[in-house]
Amino acid sequence: MKYNFDKTVNRINNNSAKWNEMEKNFGKNDLLPMWIADMDFETAPEILEEMKNKLDQKIFGYVSRPDSYYQSAIDWSKKRYNYDIEPTSIIHSPGVIPTISILLKNFSKDTDKIMIQTPVYPPFAGTVKNSNKTLVENKLIQDDNGNWKIDFEDFENKAKDENLKWFILCNPHNPVGRVWKKEELQRIADICLKYDVRVIADEIWRDLVYKGHEFTAFASLSKEVENITITCFSATKTFNLAGLQASFAVFPRKDELDLFDSKLGALDIKRNNPFSLVAMEAAFNKGEEWLNELVEYLEGNVNFVIEYVQKNIPKVKIIKPEGTYLVWFDFRELNLSNEEISKALIEEGKVALNNGTSFGDVGSEFFRMNIACPRYMVQDAIKRVDKAVKVLEKDLALI
């Protein structure tokens, strides 16, 4: 490989939320952090070079956004996903969740209902509740082999409700790792078109897809589908730039783009900061080789975890993710409470994983591991999980 993803990166002293906020979230600081979804890799040197060039200018005033900023995102979307974005339909936003929050507060009524698919990224539910809208859950289901699927019968029954106005799609899906197939997306689209349900497509994980799977932009299905969809994406998850606070939103309807733009203006958050401006453009223009090697390395991490678990912790189940750098652990076969499992992971394993209950009730006894880190950390983490499970099994045997 050209890039070294095995390099040890010390984040203890760089004000990392992932490393410095464990006591607040887990009650302890002496844990191995495998939770919040950012990477323990240095970002691509091609991006760092452009950021250093900006630093060398020694001035960090307000920046003007060039057309090339948007064009880099448009070209990337076309090249990798055959997704055509009109230059007049794309706008900068400080993040996907801020985008969704603004949309729900300003593009819907208090009587509206908003549907999400749980288990799913916790801020989805949070933005719905904070916007004083009614949350509706279409819970994902598992087939006989444990594979996660959409309950389309339930989806359509809930879409029939005349107050159900928006559906928030997560593709690829966090935390279960599904990259929804084109036919699954088309079935969602058909139902939403039939019942006049608008779609907010969170596609921030779109670049992190493993061999044998293919990402399809929801809005690319047809012009009819594009017209009901507002698409959110970014380079931040892909290239470990989340702290720079930058994303894109694509609006098929000019009046809605203008309204969104006015709301950003009212909050005075329309501009990039000087570093996000150059970093995002460099990522799309120069980061593809780094990304391709990253995905290969991440899949190696995923395979290591799955093989270790199958051999050493057989009561813990994992369905291999099709995308993202998240592994969704199923502890249900232990027949223990979510609280007992969480306590053992923290106190015995000394490893910080995201508790599945934060993704919705269906996430009880599931935990999410972030494997976007050097392999030695992944090896350490899974051994800590193993230790916690062994303690739990020993305790059960003594009962």
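Counting begins at 1 with the first residue of the sequence. As the structure is a prediction and not an experimental result, all values here were calculated from the model.
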Checklist entry - Under the side chain to side chain donor-acceptor pair (under 3.5 Å) criterion, do Tyr297 and Asp6 qualify, and how do the steps go? => result CA-CA 9 Å; Tyr297 188 89; Asp6 286 321; 2.4 Å; yes
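- The existence of a salt bridge linking Lys139 and Asp151 is excluded, since no basic side-chain nitrogen approaches an acidic carboxylate oxygen closer than 4.0 Å.
- Remark: Lys79 does not engage Asp75 in a salt bridge, criterion side-chain N to carboxylate O under 4.0 Å.
- Taking every heavy atom of both residues into account, Glu322 and Val179 meet most closely at OE1-N, 2.9 Å.
- Checked against the 6.0 Å centroid criterion, the rings of Phe359 and Tyr121 do not qualify as a close aromatic pair.
- Ring planes of Phe331 and Phe367: perpendicular class, angle over 60° (limits at 30 and 60°).
- A salt bridge is defined here as a Lys NZ or Arg NE, NH1 or NH2 lying under 4.0 Å from an Asp or Glu carboxylate O, and Asp56 with Lys52 fails to meet this definition.
- Within the 6.0 Å centre-distance limit, the rings of Phe5 and Trp290 are counted as a close aromatic pair.
- Between Glu299 and Lys211 a salt bridge is recorded (basic side-chain N to carboxylate O distance below 4.0 Å).
- One finds a salt bridge joining Glu333 and Lys317 here, because a Lys/Arg side-chain nitrogen approaches an Asp/Glu carboxylate oxygen to under 4.0 Å.
- Checked against a 6.0 Å centroid threshold, the rings of Phe167 and Phe155 count as neighbours.
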Next on the checklist: Evaluate Arg368 against Asn174 for side chain to side chain donor-acceptor pair (under 3.5 Å), listing each step before the verdict.
Outcome noted: CA-CA 9 Å; Arg368 191 191 77 172; Asn174 169 13; 3.0 Å; yes
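- In this structure, Tyr69 and Phe248 have tilted ring planes: the angle between them lies in the 30° to 60° band.
- Remark: Glu184 engages Arg178 in a salt bridge, criterion side-chain N to carboxylate O under 4.0 Å.
- Residues Phe60 and Phe275 bring their aromatic ring centres within 6.0 Å.
- A cation-pi arrangement is absent between Arg80 and Phe284 under the rule of less than 6.0 angstrom and at most 45 degrees off the ring axis.
- Met369 places a side-chain heavy atom less than 4.5 Å from the side chain of Val385.
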